[in-house]
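I have placed the structure first, in the form of structure tokens, so that the comments after it can refer back to it.
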Amino acid sequence: MSIQSYDNIRAVEWHDGGLRLLDQRLLPHLEQWLTFSDALAVARAIRDMVVRGAPAIGITAAYGVVLAAQQRYEESSEHWKSLIEEDFKRLAESRPTAVNLFWALDRMKILLAGIDANPVVSLLAEAKLIHAEDIAANLHMGKLGAELIGGPCAVLTHCNAGALATGGVGTALGVIRIAYAAGKVNHVFADETRPWLQGARLTAWEMVQDNIPVTLIAEGAAATLMKQGKVKWVVVGSDRIAANGDVANKIGTYSLATNARHHGVKFMVVAPTSTVDMTIACGDKIPIEERPQAEVLSLAGTRIAPDGVHAWNPSFDVTPADLVDVIVTEKGVVEAPTVVKMAEMMKG
Ligand code: MRU
């Protein structure tokens, strides 16, 4: 089957002058779209994870700037440029780790700097371009990553790096979809991904939508899965990659990479260059979001831990570059990443 058969899901849409987001907090039980015409509401939606996943956050923020420009130009065609600064600030404060957010805001800001008349048409064209580029990057990375996978095998993925997290077929799930269509992947194991359960709720849902065989595991089962030789590759996305190839991704990714190396399982990171932060030398400098304790202390809204206990809830971790076998971007493949190889890849 062609990849088109596996490219059916979208989570971010510009429609009739407004932004539409599939509310990912409600999946897989409810497919509910929310419409936004206000930039601050978009910032809140990113913070509250109506939309999540690094590229999807960047695309959403770009459309958020369009909404801000609409509002601010209407408010004052004279002072809109200074008024919109507050919207940029609020969008930038929504989540700290995924660099795609800041990359998209910077891109919109650079364009905006050269505009004095009504900016909405130009900004909307730029946001749509960011969106379209991500769709194209997903497909290209999917092909590059799938080429690396040798033969029919099962793979393990973590969190959700799929259509819900991007503009197109996904990063890690883009590779998996294309490799499945080519007969190179025959089964997907998905980590449930405590505490927000992106694996159980979102990745499993995406695979079921596409009729790709999927088995859900608790994170604690991953090492045993690898030891029993059940997977040949771990394929994940990223929220920010440092200049030396260190990879920030959903908490638990570092454990998977350590376990993969120990068991001779290959570890692939798939991310567009909008996720690569060449201003950060190594992973130690990547800001790691800490989310509310309640996400760990409760499950589906029900408290599971005794009163009086505290929780620590870092949302991301950093996998050192030396545990990464390959980084796949739309500009090419970097095996055993180093500072020099990353710089060469970024030059394209
Ligand atoms: O907290 P989330 O759900 O936004 O975290 C998402 C991830 O960690 C993804 O793996 C990453 O953004 C890559 S998405 C293509």
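Counting starts at 1 for both ligands and their atoms, following the listed order. The structure displayed is predicted, hence computed values, not measured ones.
Distances below 4.0 Å separate heavy atoms of Phe316 from the following atoms of ligand 1: 1 (O), 5 (O), 8 (O). Near Ala161, with a cut-off below 4.0 Å to any heavy atom, the atoms of ligand 1 are 14 (S), 15 (C). The distance from ligand 1 to the heavy atoms of Thr166 drops below 4.0 Å at these ligand atoms: 15 (C). Atoms of ligand 1 found under 4.0 Å from any heavy atom of Pro55, numbered from 1 in the order shown, are 14 (S), 15 (C). Residue-ligand proximity, Ala54 to ligand 1, at heavy-atom distances under 4.0 Å covers atoms 12 (O), 14 (S). Close approach of ligand 1 to Asn160 is summarised as follows: ligand atoms under 4.0 Å from at least one heavy atom of the residue are 9 (C), 14 (S). Listed by number with element, the atoms of ligand 1 under 4.0 angstrom from any heavy atom of Met49 are 1 (O), 3 (O).
For atom 4 (O) of ligand 1, the closest non-hydrogen atom of the protein is Arg95 NH1, 2.8 Å. For atom 8 (O) of ligand 1, the nearest non-hydrogen atom of the protein is Asp239 OD1, 2.8 Å. The nearest protein atom to atom 5 (O) of ligand 1, hydrogens excluded, is given as Lys250 CE, 3.3 Å; this is a heavy-atom distance. For atom 14 (S) of ligand 1, the nearest protein heavy atom (residue, atom name, distance) is Ala165 CB, 3.5 Å. Closest to atom 9 (C) of ligand 1, if we only count protein heavy atoms, is Asn249 OD1, 3.4 Å.
Using a cut-off of 4.0 Å between Lys/Arg side-chain N and Asp/Glu carboxylate O, Arg90 and Glu86 are scored as salt-bridged.
Geometric assessment of Arg20 against the ring of Trp33 yields a positive cation-pi assignment under the 6.0 Å and 45° thresholds. For the pair Lys230 and Phe189, the cation-pi criterion (under 6.0 Å, within 45° of the ring axis) is not fulfilled. Taking the ring axis of Trp196 as reference, the NZ or CZ atom of Arg25 does not stay both within 45° of it and closer than 6.0 Å to the ring centre.
For the ligand labelled ligand 1, residue Ser238 lies inside the 4.0 Å heavy-atom shell.
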Next item on the list: Evaluate the criterion salt bridge (Lys or Arg N to Asp or Glu O under 4.0 Å) for residue pair Glu344 and Lys341; output intermediate values, then yes/no.
Entry: CA-CA 5 Å; Glu344 273 169 14; Lys341 289 186 196 174; over 6 Å; no
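The two residues Met49 and Gln24 come nearest to each other via the heavy atoms O-CB, 4.2 Å.
Residues Lys250 and Thr193 bring no donor and acceptor atom of their side chains to less than 3.5 Å of each other. For the residue pair Asn100/Arg240, the side-chain donor-acceptor check at 3.5 Å is not satisfied. When only modelled atom types and interatomic distance are considered, Asn249 and Ser238 share no side-chain donor-acceptor pair under 3.5 Å.
Between Gln198 and ligand 1, at least one N/O pair is under 3.5 Å apart. Close N/O approach between Gly237 and ligand 1 is not found [any backbone or side-chain N/O within under 3.5 Å]. Looking at ligand 1, you won't find any N or O of Thr171 less than 3.5 Å from one of its N or O atoms.
In this structure, the ring of His187 has its center no less than 6.0 angstrom from the ring center of Tyr180.
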